[in-house]
There are 2 protein chains.
Amino acid sequence: MRRSTPKKRHATLADIAASAGVTPMTVSRVVNGNGYVSAETREKVLHAVSALNYRRNGLARGLKRQRTDTIGLVLGDIANPFAAELARAVREVMSAEGYNVFICVSEHSAREDIAAFDSLADHRVDGVIVATRANKLGNDRLAELIEGGIPVVLIGRDFRHPQADLIAADNLRGGYDATAHLISLGHKNIGFIGVTPTSGVGLRRYHGYLEAMREHGLKADERSIVGRAGGGDQWPGYSTEAMGYEGMKKLLSLRRRPTAVFARNDFTAVGAMSAAKEAGLRIPQDLAIVGYDDVPLAAHTSPPLTTVRQPTREQGRVAAEALVRRMGSAETPAREERVMPCELVVRASTVAE
Amino acid sequence: MRRSTPKKRHATLADIAASAGVTPMTVSRVVNGNGYVSAETREKVLHAVSALNYRRNGLARGLKRQRTDTIGLVLGDIANPFAAELARAVREVMSAEGYNVFICVSEHSAREDIAAFDSLADHRVDGVIVATRANKLGNDRLAELIEGGIPVVLIGRDFRHPQADLIAADNLRGGYDATAHLISLGHKNIGFIGVTPTSGVGLRRYHGYLEAMREHGLKADERSIVGRAGGGDQWPGYSTEAMGYEGMKKLLSLRRRPTAVFARNDFTAVGAMSAAKEAGLRIPQDLAIVGYDDVPLAAHTSPPLTTVRQPTREQGRVAAEALVRRMGSAETPAREERVMPCELVVRASTVAE
DNA sequence: CCTTCCCCGGTTAACGTTAACAGAAGTTGC
DNA sequence: GCAACTTCTGTTAACGTTAACCGGGGAAGG
């Protein structure tokens with residue numbers, strides 16, 4: 001038998017007050033645990049609270065108190081272990097400080113970026129941590145929010161604003177180190193998977209790659225740099241095994257195929273490995289591969305993947321602490337920037353054991 | 001030079017109204033695009049809006065309107081491609097319906113589960129989709145919320161409530177099929193990685209495994225069932241390569257080691273593969289492995305992983321649609337349950353090519 | 001006994017928005 | 001010419017909470 005029940009309205013302070021024979025103010029004191037209330041009154045109130053299944057209204061509360069004890073975290077891609085780790089670190093700090101964390105996902109689209117900012121701003125979160133990639137429209141809206149008075153901290157988003165802190169890993173250096181590592185192994189023809197040369201602006205690790213090639217007198221052949229086709233949105237923004245797989249296939253079809261490949265991240269690297277093995281190449285003897293991020297998976301590929309570890313947890317922690325500071329101060333503090341070092345992790349995908 | 005700027009207060013309707021020489025109500029009409037406003041007045045108002053960088057206060061608005069056009073999505077583990085895909089599907093439907101989605105992460109802890117529910121309830125979201133694993137405390141709080149009138153839809157959470165819909169994949173059948181597949185290949189000694197036999201209650205795919213073994217007259221040896229050590233929280237809830245790796249090591253040390261393994265999910269399977277290869281075993285000749293979820297990675301392991309695909313996107317979509325229906329109806333509709341079929345995907349980790 | 005301080009609880013007035021209603025001016029229809 | 005309707009704007013009163021203030025009763029201290 002299927003039945004519908006009429007919808008209930010939420011109990012309010014006034015309902016509890018009436019039921020307990022006190023004023024709403026007294027109930028407020030009880031549920032918030034501040035002010036003086038006699039044990040007897042508290043008892044009565046708590047009884048009514050649980051009898052009526054009362055939950056305080058955060059909207060009214062936030063409106064009155066002018067704060068919500070909530071922050072927003074904007075992520076580009078939730079499927080990414082990097083984002084997950086970041087979120088975990090942010091949450092740890094914020095929980096300890098008494099804040100809730102609401103996560104919004106932008107899927108790496110400027111439009112969704114803006115939608116996320118707006119929706120968080122509308123809800124009057126006390127602050128926002130933004131960890132999505134930079135884009136013009138998003139930056140503009142972000143500037144508006146910041147100038148409107150919302151504390152903002154950026155993680156790895158290439159956007160400077162005098163009133164927002166920026167935390168980032170040193171991806172330029174990481175990309176440089178990864179490439180230099182391959183060069184030191186004797187590789188001269190090194191490919192890059194994960195960005196189209198014409199639109200790779202802003203991808204730091206790609207620029208690190210270019211810099212290392214140039215500094216060592218090597219040519220970064222445009223044909224050895226592959227990424228999403230036509231700059232379109234064929235792949236969901238960040239990174240996929242599919243992108244690495246397709247990219248590698250393209251590289252393998254070149255007349256002078258690279259002897260080493262630097263992939264923009266570990267998943268792309270895994271896809272590339274898969275394509276290489278399918279073509280009968282041995283790793284690292286026939287082809288050396290480097291990834292980026294050191295996701296848990298990287299230690300368990302075969303062979304295990306050489307990669308660049310970024311201090312994910314630390315970035316999250318530092319960003320959260322910066323935001324707490326920013327939210328706590330009556331003035332808007334001046335901008336701070338922290339660039340944190342990455343670390344090359346050498347495994348068997350570049351150096352045979 | 002470092003400088004602090006004094007914090008700004010947000011402009012309100014009244015500020016705009018004063019600046020444009022109209023009443024707040026008129027401004028409200030302009031920013032919400034309803035009611036009649038002359039073109040001339042609208043122009044004046046919009047001018048003031050952008051000049052003062054006005055953003056409407058969602059708290060006040062929500063308080064007055066008794067709705068926030070926002071829903072909450074509670075996930076257990078954000079690092080998981082399954083969760084990511086789910087979130088994407090939910091967001092797609094919800095965006096189209098005009099709702100924002102705020103995501104909360106519980107890290108598979110009952111306490112965080114409750115914290116997430118409370119924080120969403122406090123913010124008076126219009127509805128909640130819960131995709132975390134069941135636990136007693138969380139279920140109890142969830143029941144309170146539901147009975148308090150918040151529309152709730154569950155995804156894959158083993159908890160029945162007469163006023164909440166439940167969407168789930170048929171993990172029992174999936175686990176059965178995976179195991180039956182191994183049995184049909186001639187395996188008799190089949191291990192399971194990802195659950196401790198004593199506390200594996202509620203993990204459907206594990207029960208599917210047990211059922212298949214029993215039905216085919218095979219014994220599921222307790223020593224061949226491995227999971228987190230001591231039921232503690234050594235691994236972050238869900239699944240990791242590390243768990244699969246350690247679990248496999250344990251299985252390999254048995255006197256009668258299994259010839260096939262069913263892992264609770266793909267990441268666990270990858271870890272297991274890594275340990276098996278390290279021990280010099282060939283897959284699938286010496287050891288067959290099946291995973292679960294069919295994450296993008298699964299097609300790119302070596303060998304590619306046999307796994308069970310669940311209709312992730314569909315679950316998200318169906319759940320979102322159910323929630324929309326639930327939020328839209330004046331009555332609280334009766335419970336609906338949808339169990340969606342899984343599909344065995346055979347690859348080279350069980351059957352050599 | 002009088003001051004001072006601590007408890008305990010009530011009263012008032014917002015916080016920023018919008019639903020509901022009211023009214024004025026112009027327009028249409030017959 | 002008058003009713004009925006449309007267009008525009010303003011007024012009022014919440015939505016549910018809490019900061020700030022007020023006051024009475026009792027205990028403590030001189």
Side-chain angles (χ1 to χ4, degrees), chain A residues 8-46 48-49 52-70 118 121-126 148-150, chain B residues 8-46 48-49 52-70 118 121-126 148-150:
Chain A
K8 271 193 221 160
R9 273 232 322 90
H10 298 277
T12 71
L13 278 188
D15 298 335
I16 308 299
S19 155
V22 294
T23 57
M25 194 58 227
T26 300
V27 180
S28 170
R29 280 192 264 256
V30 171
V31 298
N32 290 301
N34 53 23
Y36 295 105
V37 182
S38 72
E40 189 193 4
T41 310
R42 167 175 297 112
E43 210 49 49
K44 272 193 309 190
V45 169
L46 287 178
V49 162
L52 298 184
N53 201 1
Y54 171 75
R55 298 244 81 218
R56 72 178 167 210
N57 186 324
L59 300 178
R61 185 172 146 92
L63 177 60
K64 177 61 189 169
R65 297 182 55 211
Q66 298 285 75
R67 49 181 300 194
T68 51
D69 296 333
T70 299
D118 284 353
D122 279 359
H123 279 265
R124 287 297 189 270
V125 294
D126 295 339
I150 299 182
Chain B
K8 272 193 221 160
R9 274 231 321 88
H10 297 276
T12 71
L13 278 187
D15 298 335
I16 307 300
S19 155
V22 295
T23 58
M25 193 58 226
T26 301
V27 181
S28 170
R29 279 191 266 254
V30 171
V31 298
N32 290 301
N34 54 23
Y36 294 105
V37 182
S38 72
E40 188 194 3
T41 309
R42 168 176 296 111
E43 209 49 50
K44 271 193 309 190
V45 169
L46 287 178
V49 161
L52 298 185
N53 201 2
Y54 170 75
R55 300 243 79 218
R56 71 178 169 211
N57 187 324
L59 300 178
R61 184 172 148 91
L63 178 60
K64 177 63 189 170
R65 297 181 59 212
Q66 299 285 74
R67 51 182 298 200
T68 53
D69 295 334
T70 300
D118 284 354
D122 279 0
H123 279 267
R124 287 297 191 271
V125 293
D126 295 339
I150 299 180

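Numbered from 1 within each chain, the chains take letters A, B, ... in sequence-line order.
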*Protein-nucleotide distance (Arg124(A), atom CZ; dG16(C), atom P), rounded to Å*: 9 Å
*Is it the case that Thr70(A) and His123(A) place a side-chain donor and acceptor less than 3.5 Å from each other?*
no
*Measure from NZ on Lys44(A) to C1' on dG9(C) and round the result to the nearest Å.*
11 Å
*Name every residue in residues 13-37 of chain B that has at least one heavy atom under 4.0 Å from any atom of DNA chain D, in order of residue number, or write none if there are no such residues.*
Val22(B), Thr23(B), Met25(B), Thr26(B), Arg29(B), Tyr36(B), Val37(B)
*At what distance, to the nearest 0.5 angstrom, does CG of Asp118(A) lie from CZ of Arg55(B)?*
4.0 Å
*Between OG1 of Thr26(B) and CD1 of Ile16(B), what distance do you get to the nearest 0.5 Å?*
13.0 Å
_Are there over 12 heavy-atom neighbours, none belonging to Gln66(B), within less than 6.0 Å of that residue's CD?_
yes
*Could you please name the option among dT17(C), dG16(D), dT18(D) that lies closest to any side-chain atom of Lys64(B)?*
dT17(C)
*asked:* For a 4.5 angstrom cut-off between non-hydrogen side-chain atoms, does His10(A) reach Ile150(B)?
replied: yes
*How do Thr41(B) and Gln66(B) order along DNA chain D: which one's closest nucleotide is nearer the 5' end?*
Thr41(B)
*Nearest whole angstrom, please: distance from the C1' of dA19(C) to the CG of Leu63(B).*
13 Å
*Spacing between Tyr54(A) atom OH and dG16(D) atom P, to the nearest angstrom*: 10 Å
*Kindly give the heavy-atom pair with the smallest separation between Ala48(A) and Ala20(A), and that separation in Å.*
CB-CB, 4.2 Å
*Just by distance, do the side chain of Thr68(B) and the backbone of Arg124(B) share a donor-acceptor pair under 3.5 Å?*
yes
*Can you check whether Ser38(A) has a side-chain N or O nearer than 4.0 Å to OP1 or OP2 of dG9(C)?*
yes
*Please state how far atom CG in Asp69(B) lies from atom P in dT17(C), giving the value in whole angstrom units.*
16 Å
*Roughly, in whole Å, what's the span from CZ in Arg67(A) to P in dA19(D)?*
10 Å
*Rounded to the nearest angstrom, tell me the gap between atom CG in Leu59(A) and atom P in dA14(D).*
20 Å
_Measure CZ/Arg65(B) against C1'/dA13(D) and give the value in whole Å, please._
18 Å
